[in-house]
Amino acid sequence: MAFSFRRSDFPDDFIFGAATAAYQIEGASFGGAGPSHWDTFAATPGNVVNAETGAIACDHYHRYGEDLDLLRSGGFDAYRFSTSWARVMPDGKNVNPEGLDFYDRLADATLERGLNPFLTLYHWDLPAALADLGGWRNRDVASWFADYSSIVMDRIGDRMAAVATINEPWCVTWLSHFWGIHAPGLRDIRAAARSMHHVLLAHARAMEAMRAAGHGNLGIVLNFEHANPASDAAGDVSAAARYDGFYNRWFIEAITRKTYPEVILEGFAGHMPDGYEKDMEAISAPLDWLGVNYYTRSNVAADPEAAWPSLKSVPGPLPKTDMGWEIYPDGLYGFLTRLHRDYTGETPIIVTENGMAWDDHLVDGRIDDRERIAYFDTHLAAVRRAIADGAPVKGYFGWSLLDNYEWALGYGKRFGMVHVDYDTQKRTPKASFEAFRHAIGGN
Ligand code: IFM
């Protein structure tokens, strides 16, 4: 099965890439990395399926050359990876030279294969020592993050094609401090409100530090989920508006309008950090590009019995991925055009993650993941439509290059274009990888 598009259906300078994240693939037990709050979270019963951790993961720490060879052979233009804060600063204070050496080798190896390195500075591996100090609840996290960012950029910033501060601030904060699903597993409105502000302040301070050092092409990666009212009832419609507020509007409105949505500030009343308004100027410093991660929509219903935001997600009618996520490519089109129209204007947008988990099976050494091919195909059609309608979308990264550690769901959910046998670490490109190779001109 092949894609319905060719590279020539996209603008000449359009970038095709694949994305990964440090904790999900590297192997956190190698190279002097310190414990991150994901290690402690996973060591606590009930948090992660089978208590799995990123200790070995895909052993990318040792196998990055082989993985980059694969990317090149697929005809991709870019590799999106993250540096691990806990690897670079194991105790949150001191630098681990071995950790920086690894990213130095990775940067060179990426370039040697003609791939553009897209760096994300934080994809969730906060050093446990900083979590002990309150992590994202502590305002000081902004200066800790700026220091860490400068240390990484001093070493590899000269070779990066593009740099994002933080991956998916919504997951770093709401999902992790209000819903308790990701590390540190808090279910606390005050922790949520504070972290939702501090993560943006950390982004701002890192941007300032990197700009001052002369680095360019800096951005942030936000995730978006279409908020679909479960019915036309007024209660469901306003519940979906609250969902849209805390998921989709909070971060982009702070960055582009210096404000937070009223509909969410009302719910956070009394919990926001004092004087937070004074930080909005710094938070809204211009981006060079915006990263957009998109996977699905949520069908949102009012739940008047529940505490604010008094809503719940209910199952919808569309076909679903192995995560139970509805497949809804129109949502990607909707966000790309909405962001361009309402928020970011001509600032380049890059789809930094999009993909699906599927219960893949190796049959005679092959994985025929035609459902994933269809997912990528329909979402790339949505990207083309958005470009045709004027959205400045400059690239698309599939999530993910490799099957990997899917956080609280462990290794059971496979998102890769390349299958990983976790016992042998053997990589097997799936049919979706071959479809990319065919469409974008790999060998
Ligand atoms: O695996 C994650 C990734 O770390 C962040 N974005 C969503 C992916 C799929 O859940």
Side-chain angles (χ1 to χ4, degrees), residues 17-28 36-39 41-42 47-49 52-54 57-58 60 67 79-86 118-126 164-176 179 181-183 199 219-226 247-248 251 290-298 313 320-328 331-332 335 350-360 369 371-372 375-376 379 396-420 422 432:
T20 64
Y23 192 79
Q24 293 178 273
I25 63 165
E26 283 177 1
S36 80
H37 69 167
W38 266 97
D39 296 306
F41 182 71
N47 283 342
V48 176
V49 172
E52 287 167 343
T53 72
C58 307
H60 182 70
D67 295 336
Y79 179 44
R80 176 173 176 244
F81 65 97
S82 72
T83 46
S84 159
W85 196 343
F118 273 59
L119 166 65
T120 303
L121 287 158
Y122 185 71
H123 200 129
W124 309 354
D125 22 24
L126 183 75
T165 51
I166 289 168
N167 183 71
E168 301 184 349
W170 181 82
C171 294
V172 174
T173 58
W174 189 283
L175 185 69
S176 310
W179 286 353
I181 293 171
H182 277 190
V199 76
I220 188 169
V221 171
L222 305 180
N223 55 323
F224 296 91
E225 190 168 293
H226 180 78
Y247 208 125
N248 301 316
F251 303 100
L290 173 69
V292 170
N293 291 359
Y294 174 82
Y295 289 89
T296 188
R297 74 174 188 179
S298 191
S313 287
K320 297 176 186 57
T321 71
D322 200 31
M323 298 288 280
W325 295 349
E326 282 194 312
I327 300 174
Y328 185 61
L332 178 57
F335 281 117
I350 296 183
V351 178
T352 32
E353 284 182 29
N354 177 238
M356 69 178 276
W358 196 246
D359 186 17
D360 298 313
D369 58 339
E371 295 80 5
R372 187 174 286 107
Y375 182 101
F376 283 135
H379 286 79
Y396 175 95
F397 287 75
W399 182 269
S400 179
L401 174 63
L402 305 171
D403 289 337
N404 61 51
Y405 179 70
E406 180 53 23
W407 305 111
L409 299 175
Y411 292 96
K413 302 294 174 198
R414 292 184 177 269
F415 273 91
M417 299 179 226
V418 174
H419 178 271
V420 176
Y422 295 113
S432 56

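By convention here, the first residue in the shown sequence is residue 1. Read the numbers this way: they start at 1 and go in the same order the structure lists the ligands and their atoms.
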>> For W38 together with H182, are the ring centres under 6.0 Å from each other?
In response: yes

>> Tell me which one of Y295, Y328, Y247, W325 satisfies side-chain hydrogen bond (donor to acceptor under 3.5 Å, both in side chains) with E225.
In response: Y247

> Just which atoms of ligand 1 are under 4.0 Å from any heavy atom in W407?
Replying inline: 1 (O), 2 (C), 3 (C), 4 (O)

> Which ligand 1 atoms does F415 reach within 4.0 Å, using its non-hydrogen atoms?
Replying inline: 9 (C), 10 (O)

Note the single closest protein heavy atom to [atom], along with its residue, its atom name and the distance in Å.
{"atom": "atom 1 (O) of ligand 1", "answer": "E406 OE1, 2.6 Å"}
{"atom": "atom 7 (C) of ligand 1", "answer": "E353 OE1, 3.2 Å"}
{"atom": "atom 8 (C) of ligand 1", "answer": "Y295 OH, 3.4 Å"}

>> With a 4.0 Å cut-off on N to O distance, would you call R414 and D369 a salt bridge?
In response: no

> Y79 vs F81 aromatic rings, parallel, tilted or perpendicular, using cut-offs 30° and 60°?
Replying inline: parallel

So for ligand 1, is [X] a polar contact partner (N or O within less than 3.5 Å, distance only)?
{"X": "W124", "answer": "no"}
{"X": "E168", "answer": "yes"}
{"X": "Q24", "answer": "yes"}
{"X": "W325", "answer": "no"}

>> Using heavy atoms and a 4.0 Å limit, tell me yes or no: is H123 in contact with ligand 1?
In response: yes

>> Quick check: do Y411 and V420 have side-chain heavy atoms less than 4.5 Å from each other?
In response: no

> Any donor-acceptor pair under 3.5 Å linking the side chain of Y422 with the backbone of N404?
Replying inline: yes

>> Using the rule side-chain contact (heavy atoms from CB on, under 4.5 Å), only one of T352, L332, V351 pairs with Y294; which is it?
In response: L332

